[in-house]
Asker: 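Questions regarding the structure given below will be posed in turn.
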Amino acid sequence: MAATEGAVVAGGQDPQPPPQARAVEPLNPAVQQQLNLELIKTRAISLYKAITRILEELGGLARTNAVPRWQYILGQFSMVNLELYNIVEEIKNVSKAFVVHPKNVNAENATILPVMLSSKLLPEMEMDDNAKSEQLLHGMQNLPVPAQIEKLKSRIDMIGAACESAEKIIADARKSYFGTRQGPSLLPTIDKVQAAKIQEQENLLRSAVNHGEGLRMPGDQRQVTSSLPLHLADVLAVNDGTQSFSDSSGMYQKNTPPLMSTPNNNNQSTLLQASGAQLIGRAAASPSTGSTSFDNTTASPMQYANSPRSGANIMNTPSPQQQSHQQQQPQQLQQHQHQQRQKMMQLPPHQQQLLAQQQLRQSSMPGLGQNQLSQLHDMQNQTQPKFQSMHGQHHVQFSQPLTAHQLQGRQLTSAAMHMGTNQLSQGNQLNRQLNQFSSAANTALFNAAQTTPTSQMITNMSAMMPSQSILPRMQQFGMSGGNRSLPAQNLSDQMFNMGAASAGGMMPIQQQQQHGTQGAFGNMPQGAQNLQSGIVPMQNAQQNHPNFQQQRPQNQQ
Amino acid sequence: MECVVQGIIETKHVEALEILLQGLCGVHRDSLRIHELCLKSVPNLGLVSSEVRLLCDLEQPEPTWTVRHIGGAMRGAGAEQISVLVRTMAESKVSKNALRLFYALGYKLDHELLRVGFAFQFNSGAPMTVTVSSVNKMLKLHATDEAVPVTPGIQLVEVTAPASSENYTEVAAAMKSFCEYLAPLLHLSKPGVSTGVVPTAAAAAASLMSDGGGTTL
């Protein structure tokens, strides 16, 4: 029904005529077309008719009290419902433009609907709106809206154009102001001589700023003679002053200027003594015979209390390790590193080369192995360690890695100590590996060990004990296990037993190495595989292997 | 990353430049007194030697330290077309122990200089900093109180702006347009490219000084 009526109407009559819009603005033609008012009007009318018919029928039924034909009436209702739905659909498309069509009126929006539906603004907003439009349109209120719009647009354009021209004028004015201030004369030229001078100065300045040319001072002038400015005074300790010059050979002096002498045994022993003095503190916490954990450091100094040490300075720092293992060792390691470097410089060239080789291996292990071997030698030979310097070298290698892993090392070492005795068999295998580490340096160490005084050895040996930081590093390199095995065992046995025998002036590095070896024990059972793998890199160690093996039995006490 | 240009100006025109900059930037000028220590690493510290600069700002009541690493500049045809130098730069505030740290790491002092001047930090399309300073060298190590200018008659003008790899073209453009404002007094160019002084500098300075004297901000 609605469809046929719609079709009839679709003849395309004119939209609602403007007379209706006398008071109201006519709808936008597009909206009108979309809205298709005719169609909707027709539908609305048909819907009205249908509802009227139904009402009449119901009225008639009520009067006659007849039984209604429910099915028929329900059918009518459904028809009405459908028509209503169609009308709403039609309107919906365009109603968004100017009506709010709530789909569902329920408790929630029932109260707010009136406000939302109202097109009248709140009073304040309305006043605001009025004021602004007044201001804007004060001359144009009487004109029709399109005209007003046009006028506003033209106003905006005018302002935009004014801005652009203003910017342009300013730019031109600036250029001309600066450029032609001189007046009639053209651009002034700089005479050539002056230009050349300026060019020269400019090059000086630019190179100074960008590359530092002309600012570098020769080495001899790089001494801090005058007092440091405030901001550097507390940053640079006076001792550090000589550390930092690229010209210099990189010698690091740490309170031991007298040690910078030519390399010879005497100097080394002096050096060792002095550095030993500093490093002895680390020695204090030497582990006792292998069963005590490394944290238990009180016992160790006592063992050596009566041993003839190189100086009275051994007991200066009784147990720094005890106090703060982890913090101190890194610091000490750094200090030791500095001192070790000094010693490095003093070593004979071949030893230095060896050290370089060792360094290239990228691990503390080779050095450690050698140190251990040399320690082993010491213990066995009761010789004085000239290899202290070598240890120093190794120490240089270690200290950096060691600092990172000291805690780990310590933990491991204590375990190692407990397991030390069980590992001897394994150690034997690894011992051969250790021999591979021996090298010219080791031989030299061995030889050197002959010459240093016993007391120094003792001191150093004891000093060697506590350093546990090597352990983790060794583990990491795999080879460590191998290194630690036998030598550690021997060393620990012998060192602790010997006591005064050979400690002498061994460097703290030895100390560390010792610990490393001890720690190895702990690692061995778990790290047996590591050891095996570690052995492989050990293959490229130097050749004095047979020497050591032969020497070691000879040197057994 | 940063965009940077440098230029030189004769010391006699610095005041005029300051007036011009004050007008252009509209911010307060910051005095500058920076002790710059350039540290180089020793060869066995790495594959190539690296350089790090420690800047100590002496202007503050409490000296503040900054560490700066200047990396390589952008290269290529695109870089040549840009009129500013774009280079990697990493900077951070550090404590005063930074110097000791670097020494301990193995860095050695290569050279040091003292910059005395002023700077303006403002936003002109991109946040940038203009620094006008006299570069001084110290005859004795660390003797900042006895520093003498490397070139007494010429000061260095540097304009830097932080940039990232996404926006460096915009930053470069903003910097370029700002530099045009300074054209009457000095030319700015990439570090390493020398510019000479501008012929109009004297005239521009004179005009700035004459007017600037009358209208104090």
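Below, chain A is the first sequence line, B the second, and so on; all start at residue 1. Every heavy atom of this structure was used, including side-chain atoms; hydrogens, water molecules and symmetry mates were not.
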Asker: Tell me, side chain or backbone of Cys56(B) under 4.5 Å from chain A's heavy atoms, or both, or neither?
Answerer: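 Answer is side chain: those atoms of Cys56(B) sit under 4.5 Å from chain A.
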Asker: May I ask you to check whether over 12 heavy atoms, not counting those of Glu59(B), lie within 6.0 Å of atom CD?
Answerer: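 Correct, the count exceeds 12.
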Asker: Between Ser95(B) and chain A, which part of the residue has a heavy atom less than 4.5 Å away: side chain, backbone, both or neither?
Answerer: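 Nothing of Ser95(B), per the 4.5 Å heavy-atom cut-off to chain A.
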Asker: At a 4.5 Å cut-off on heavy atoms, which part of Asn203(A) comes close to chain B: side chain, backbone, both, or neither?
Answerer: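 Side chain of Asn203(A) only, per the 4.5 Å heavy-atom cut-off to chain B.
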Asker: Where does Ile8(B) contact chain A at under 4.5 Å (heavy atoms): side chain, backbone, both or neither?
Answerer: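 Both parts, backbone and side chain.
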Asker: Between Glu202(A) and Gly196(B), what is the shortest heavy-atom contact and its length?
Answerer: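 Shortest heavy-atom separation between Glu202(A) and Gly196(B) comes out as OE1-N, 2.8 Å.
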Asker: What are the two closest non-hydrogen atoms of Val209(A) and Arg115(B), and how far apart are they?
Answerer: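 Closest heavy-atom pair between Val209(A) and Arg115(B): CG1-NH2, 3.7 Å.
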Asker: Answer yes or no: are there more than 12 heavy-atom neighbours, outside Glu15(B) itself, under 6.0 Å from its atom CD?
Answerer: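 No, because the 6.0 Å sphere around CD of Glu15(B) holds 12 heavy atoms or fewer from other groups.
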Asker: Just wondering, do Pro191(B) and His211(A) contact through their side chains at under 4.5 Å, heavy atoms?
Answerer: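 Counting from C-beta outward, His211(A) and Pro191(B) never come under 4.5 Å.
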Asker: To the nearest 0.5 Å, what is the distance between CD1 on Ile154(B) and NZ on Lys197(A)?
Answerer: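 The NZ atom of Lys197(A) is 11.5 Å from CD1 of Ile154(B), to the nearest 0.5 Å.
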Asker: Just how far is it from atom CD1 of Ile198(A) to atom OG of Ser194(B), taken to the nearest 0.5 Å?
Answerer: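 So the CD1 of Ile198(A) and the OG of Ser194(B) are separated by 12.0 Å.
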Asker: Any idea which heavy atoms bring Val150(B) and Ala208(A) closest together, and the distance?
Answerer: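 Minimum heavy-atom contact is CG1-CB, 4.1 Å.
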Asker: So with a 6.0 Å cut-off around CZ of Phe122(B), is the heavy-atom count from everything else above 12?
Answerer: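 Enclosed.
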Asker: Look up atom CG in Leu205(A) and atom OG1 in Thr151(B), then write down how far apart they are to the nearest 0.5 Å.
Answerer: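 Reported value, rounded in 0.5 Å steps: 4.0 Å.
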Asker: What is the minimum heavy-atom distance between Gly7(B) and Arg206(A), and which atoms define it?
Answerer: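 Here Gly7(B) and Arg206(A) meet closest at CA-NH2, 3.5 Å.
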Asker: Heavy-atom distance under 4.5 Å to chain A: side chain of Val4(B), backbone, both or neither?
Answerer: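 Neither part.
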Asker: Using non-hydrogen atoms only, which part of Phe102(B) is less than 4.5 Å away from chain A: side chain, backbone, both, or neither?
Answerer: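 For Phe102(B), there is no contact with chain A at all, as no heavy atom is under 4.5 Å.
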Asker: Counting only non-hydrogen atoms closer than 4.5 Å, does Pro184(B) touch chain A with its backbone (N, CA, C, O), its side chain (CB onward), both, or neither?
Answerer: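 Contact with chain A involves the side chain of Pro184(B) alone.
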Asker: Within a radius of less than 6.0 Å around CD of Gln60(B), do more than 12 heavy atoms belonging to other residues, nucleotides or ligands occur?
Answerer: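 More than 12 within 6.0 Å, yes.
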Asker: Name the region of Gln199(A), side chain, backbone, both or neither, that has any atom closer than 4.5 Å to a heavy atom of chain B.
Answerer: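 It is the side chain, since no backbone atom gets that close.
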Asker: Would you mind telling me which of Glu180(B), Lys137(B), Glu158(B) has the largest number of heavy-atom pairs within less than 4.5 Å of chain A?
Answerer: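 If we count pairs closer than 4.5 Å to chain A, Lys137(B) comes out on top.
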Asker: What distance separates Arg216(A) CZ from Glu112(B) CD, expressed to the nearest 0.5 Å?
Answerer: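 If we round to the nearest 0.5 Å, Arg216(A):CZ and Glu112(B):CD are 12.5 Å apart.
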Asker: Where does Glu51(B) contact chain A at under 4.5 Å (heavy atoms): side chain, backbone, both or neither?
Answerer: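 Interface part for Glu51(B): neither.
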Asker: For a side chain to side chain contact (heavy atoms under 4.5 Å, CB included) check, start with the C-alpha distance between Val197(B) and Gln194(A), then their side-chain angles and the critical distance, and finish with the verdict.
Answerer: CA-CA 10 Å; Val197(B) 283; Gln194(A) 205 177 0; over 6 Å; no
